[in-house]
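All figures in this text were calculated on a predicted structure; none of them were measured in a lab.
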Amino acid sequence: MAEVLPPQNNAGLPGGAPQMQYQQVRDERVDVDAPAHISVDPAGQLVASMFEEFLTNYEAQDGYNYTNQLHKMVSRDGSTLFIDFSHISDFDFELKEALEMEFYRFTPFLRQGLTQFTKSLHPTYVESSSNQLFVSIYNLPEIMAVRSLRTDKIGHICSVMGTVTRTSDVRPELLTGCFRCGKCGHTLSDVEQQFCYTQPTMCTNPRCDNRNDWSLETNESTFVDWQRLRVQENSDEIPPGSMPRSIDVIVRGEVVEKAKAGDKCVLTGFLAVVADSGGLSRAGEAAVSSRANFTGDGVGGLKSMGVKELTYKTCFVASSILPFESRSALSNVRPEDVMDPNSSANRAEDIAREFSPEEREDIRRMRGSPDLYNNLVNSIAPNVFGHQEVKRGVLLMLLGGVHKTTQEGIKLRGDINVCVVGDPSTAKSQFLKYVHTFLPRCVYTSGRASSAAGLTASVMRDNETGEYVVEAGALMLADNGICCIDEFDKMDQGDQVAIHEAMEQQTISITKAGITATLNARASILAAANPIFGRYDRGKTLKANIALSAPILSRFDLFFVVLDEMDDLNDFRIAQHIIDVHCKKETQVEPPFQQEQLKRYIRFARSLNPRITSESQDRLVECYRMLRQGDTLGRNRTAYRITVRQLESMIRLSEALARLHCDDEVKPAYIDEAFRLLKKSIIHVDTEDVTFEEEGEGEGEGVEGDEGKKEEEAGSREEPAPLGEFDPNAPTPTATTEAPDDQENSGSGAANVIQPAAPPQPKKKAAKMKITFEIYQQISTAFATMIRRKEDAGVTVTWKSAIEWFLETKESDIGGDVEELEKMRRLANKVIKKLIKSDGILVFLAEAEDGEGDTDRPLGVHPNYAIE
């Protein structure tokens with residue numbers, strides 16, 4: 001009901017003494033220094049008192065209360081109290097309903113209730129503290145998608161999940177301003193800002209009519225830290241055929257710097273509408289003067305007045321930011337401060353406190369299992385059949401090595417890079433998809449559809465501020481995680497060069513548009529590549545099968561070649577496994593450990609920092625020496641030459657194995673397993689053993705001797721068959737019918753009469769000599785190098801002299817062992833024969849003279865053969 005005012009006698013007010021008396025009375029009652037009248041919101045005051053009561057009296061079942069949290073906040077000189085929304089729901093349903101419907105309206109009253117609660121316990125802290133107190137609410141029952149935010153959610157509290165793609169600098173924001181009037185000097189305090197720079201509408205001094213002339217008193221105003229984030233909806237929430245939606249998020253106070261590019265977060269706050277100030281600076285029609293087309297008929301529309309269309313945009317004001325894994329009860333496998341082994345995020349004691357007693361007991365049980373290594377390997381990608389070596393590499397990549405920093409401040413990489421190369425349909429992409437779903441901070445991309453800027457970082461101009469900002473690429477988004485790159489071989493050469501620095505130094509250097517920065521890209525890379533010709537050719541080198549440069553190859557710690565080989569038993573097992581997966585027979589693909597168990601175990605294992613003992617150091621040196629000795633030149637069938645990068649890879653793999661067993665020391669057994677994986681990965685990847693057949697007597701007689709034997713055998717087969725009785729059941733032979741070689745010739749009889757053949761004499765099976773391809777390549781390279789050097793010096797080398805030279809080089813290894821000397825002689829003869837007949841690397845320089853064997857003919861290296 002409207003208030004009825006009493007009637008006033010206004011007679012005589014237009015002039016005379018009564019008017020002067022009224023003016024005098026008014027001047028006596030007006031205090032120009034009195035604060036402006038502020039309307040009171042009864043509902044807000046009720047919410048403030050209810051919230052203060054909640055903070056004072058609430059206590060959870062486990063004994064948690066907000067009084068202890070306030071004491072901790074005061075001890076660390078904080079300004080934000082974090083409130084679980086489920087606690088409010090359990091304590092006061094009306095307060096919960098009020099916050100859900102009008103959170104933006106009641107936010108100042110929540111801060112007011114927190115201030116009163118703090119004054120009751122720490123009265124001096126509120127008076128002496130220069131920071132404003134804030135309330136951060138989290139753990140709402142429902143999480144919305146970014147594209148679900150509509151105007152009906154404006155002012156309501158809600159939670160949104162997305163991925164942070166861009167962060168701005170932390171800047172000061174004017175929270176409440178103190179303005180001084182430019183005419184009378186009167187000050188107005190606690191002017192609340194409405195998402196923009198808001199000045200008082202008019203001076204509270206009744207003698208002053210100022211409305212525009214104001215100056216800000218910064219010393220008496222309240223500022224708060226402010227940051228803007230760009231949040232994009234997750235890839236699994238994008239509908240088919242739609243582009244990902246993004247929204248600007250505003251954070252204040254202690255919530256700033258809680259998220260960085262690449263984090264998958266849950267944000268709690270409210271949706272607000274602000275004026276789109278950036279729209280005025282966008283490209284559009286130029287402003288038109290209002291008098292330019294004036295014809296006397298007035299102005300029609302805002303466009304003719306030179307005013308652009310006024311638009312609004314929505315932004316999300318976040319009260320709290322939490323990692324997605326904390327809301328989804330997932331374990332973040334990789335901690336944030338990976339470069340600081342002594343940080344609280346990496347200490348095993350602090351990690352263990354994050355788990356419940358049941359989870360800690362489960363980790364102890366997994367650690368004590370008898371076959372821990374194989375059980376963990378079988379738990380990786382259980383839907384993929386076989387590929388045990390690849391699963392071992394993926395498991396060690398998830399565990400990673402220990403990050404180190406030298407005394408000079410140089411950081412040594414601890415992340416493990418893995419590349420899988422092989423035939424189509426060998427589950428390469430399945431491993432990438434599994435890792436992408438395993439980690440909350442993992443980026444999946446394709447090499448063909450990615451550019452250098454998309455993989456690293458790009459510099460773009462901000463639409464609103466006009467400043468250049470850094471847009472994070474895939475490797476920056478995967479910081480402290482894993483970047484999965486499919487079709488790695490399809491990348492352009494220039495794009496491959498762009499990730500050299502990120503793969504080894506784990507940084508990205510940018511010098512563009514006045515921005516000079518070194519950004520972190522501390523991520524492991526899991527790449528999948530296809531051979532050039534569709535299928536992997538075992539007869540060619542690894543470098544000839546994939547289109548990758550040597551610097552890229554050397555930066556991968558492990559290389560796995562998966563082949564689609566035909567095997568009846570293996571094909572049956574693969575088909576049975578695929579059918580079981582498609583038929584949803586979970587019992588057929590039940591892994592030893594569930595995915596959540598695996599995540600918790602890896603999270604705890606990564607907090608350990610094993611040390612390398614003196615015994616392990618000697619073993620590392622020995623394994624590295626064997627790798628260097630096994631490294632071959634010549635045609636170089638290995639993936640790449642062994643360098644100190646492979647030694648560092650062996651160290652990282654050994655540390656990962658020590659973490660797998662929760663061991664504080666790197667034992668020699670772990671180094672042996674790392675050496676086996678590394679040797680299988682980069683050396684014995686596409687080589688097959690070379691087999692020579694023992695020919696008994698006449699070994700070393702040369703190429704001509706073999707041909708003579710063949711001609712002699714062919715001549716014996718061309719002789720007519722012997723005479724004998726006619727067999728009616730026997731087929732009639734033709735003129736080209738051949739008789740067994742061991743039959744005796746009985747003269748020139750009829751060719752169509754066949755005598756019963758004598759039982760064939762069993763032939764003696766030829767013995768075989770087998771050597772590895774690396775040894776064969778070493779010997780062949782040694783022969784080619786020696787003969788090419790002698791040719792350049794004008795010295796003639798024969799088969800026999802090459803054999804003698806080779807035996808002299810092996811004299812120190814053979815010693816006086818006659819049998820070993822003869823064995824090496826036969827091996828050298830077989831290698832030279834293969835180089836002449838099969839490989840074509842060695843050629844005869846002259847025809848054989850009468851009575852001269854092949855061993856006396858001069859040899860030379862084929863002119864088209866290049867010795868590396």
Side-chain angles (χ1 to χ4, degrees), residues 366 369-400 416-438 482 484 524 526-529 536 538 542 556-581 587-595 597-599 601-602 605 639 649-650 652-661 669-688:
M366 293 174 62
S369 59
D371 198 6
L372 175 62
Y373 186 24
N374 291 328
N375 287 338
L376 291 176
V377 168
N378 293 329
S379 301
I380 296 292
N383 289 332
V384 178
F385 181 82
H387 299 313
Q388 296 298 314
E389 298 299 331
V390 181
K391 293 183 179 180
R392 287 187 174 91
V394 172
L395 176 62
L396 297 182
M397 180 188 64
L398 292 173
L399 290 164
I416 298 174
N417 299 326
V418 178
C419 183
V420 182
V421 183
D423 297 334
S425 72
T426 51
K428 299 187 299 296
S429 299
Q430 293 296 324
F431 285 108
L432 273 64
K433 286 294 185 181
Y434 173 81
V435 174
H436 181 245
T437 57
F438 186 84
I482 295 178
C484 301
S524 298
L526 176 60
Y536 195 88
R538 298 177 67 97
L542 178 63
F556 282 103
D557 298 282
L558 291 176
F559 247 101
F560 294 105
V561 176
V562 289
L563 303 177
D564 185 14
E565 297 179 334
M566 296 183 181
D567 185 4
D568 293 343
L569 181 59
N570 193 37
D571 291 344
F572 175 79
R573 291 176 178 176
I574 292 175
Q576 187 66 39
H577 179 82
I578 294 176
I579 292 173
D580 291 341
V581 171
T587 57
Q588 300 294 332
V589 292
E590 186 70 21
F593 301 123
Q594 297 297 325
Q595 188 170 353
Q597 293 178 302
L598 190 61
K599 288 182 179 180
Y601 189 85
I602 294 177
S649 300
M650 200 186 313
R652 285 189 286 267
L653 294 172
S654 304
E655 293 171 345
L657 286 165
R659 282 180 167 180
L660 185 145
H661 294 87
Y670 306 150
I671 298 176
D672 293 339
E673 174 63 14
F675 173 71
R676 186 192 69 82
L677 284 173
L678 198 61
K679 187 176 180 182
K680 183 178 181 61
S681 171
I682 64 177
I683 293 181
H684 198 68
V685 65
D686 63 340
T687 59
E688 296 180 348

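Residue Asp564 comes nearest to Ser425 through the heavy atom pair OD2-OG, 4.2 Å, listed as atom of the first residue, atom of the second, then distance.
Listed by chain and number, the residues in a ring-ring contact (aromatic ring centres under 6.0 Å, His included) with Tyr601 amount to none (sequence neighbours excluded). Checked against side-chain contact (heavy atoms from CB on, under 4.5 Å), Asn375 has the following partners two or more places apart in sequence or in another chain: Ser369, Asp371, Pro592, Phe593. Residues satisfying the side-chain contact (heavy atoms from CB on, under 4.5 Å) test with Asn570, not counting sequence neighbours, are Phe385, Asp567, Ile574. Judged as a salt bridge (Lys or Arg N to Asp or Glu O under 4.0 Å), and not counting sequence neighbours, the contacts of Arg652 are Asp557.
Sorted by first and then second residue, the salt bridge (Lys or Arg N to Asp or Glu O under 4.0 Å) pairs with a member in residues 418-431 read Asp423-Arg535; sequence neighbours excluded.
Phe560 has its side chain out of reach of His387: every pair of non-hydrogen atoms, C-beta onward, lies at least 4.5 Å apart. You'll find the side chain of Val377 reaches within 4.5 Å of the side chain of Gln388, heavy atoms only. Counting only heavy atoms from C-beta outward, the side chains of Tyr434 and Cys484 never approach each other to under 4.5 Å. Side-chain contact between Leu398 and Leu598 is absent, with no heavy-atom pair separated by less than 4.5 Å.
Atoms CG and CG, from Asn417 and Leu526 in turn, are 9.5 Å apart once rounded to the nearest 0.5 Å. The distance from atom CZ of Phe675 to atom CG of Leu653, rounded to the nearest 0.5 Å, is 12.5 Å. The CG atom of Leu677 lies 11.0 Å from the CE atom of Met650; values are rounded to the nearest 0.5 Å. Atom CD1 in Ile671 sits 10.0 Å away from atom CG in Leu657 (nearest 0.5 Å). Gln595 CD to Ile380 CD1: the interatomic distance, rounded to the nearest 0.5 Å, is 9.0 Å. Of the inter-residue distances, the one linking Ile602 atom CD1 with Gln597 atom CD reads 12.0 Å to the nearest 0.5 angstrom.
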Without placing hydrogens or testing angles, list every side-chain donor-acceptor pair under 3.5 Å for residues 389-396, not counting sequence neighbours.
{"residue": "Glu389", "atom": "OE1", "partner": "Arg676", "partner atom": "NH2", "Å": "3.2"}
{"residue": "Glu389", "atom": "OE2", "partner": "Arg392", "partner atom": "NH1", "Å": "3.3"}
{"residue": "Glu389", "atom": "OE2", "partner": "Arg676", "partner atom": "NH1", "Å": "3.3"}
{"residue": "Lys391", "atom": "NZ", "partner": "Ala381", "partner atom": "O", "Å": "3.3"}
{"residue": "Lys391", "atom": "NZ", "partner": "Val384", "partner atom": "O", "Å": "2.8"}
{"residue": "Arg392", "atom": "NH2", "partner": "Asn374", "partner atom": "OD1", "Å": "3.2"}

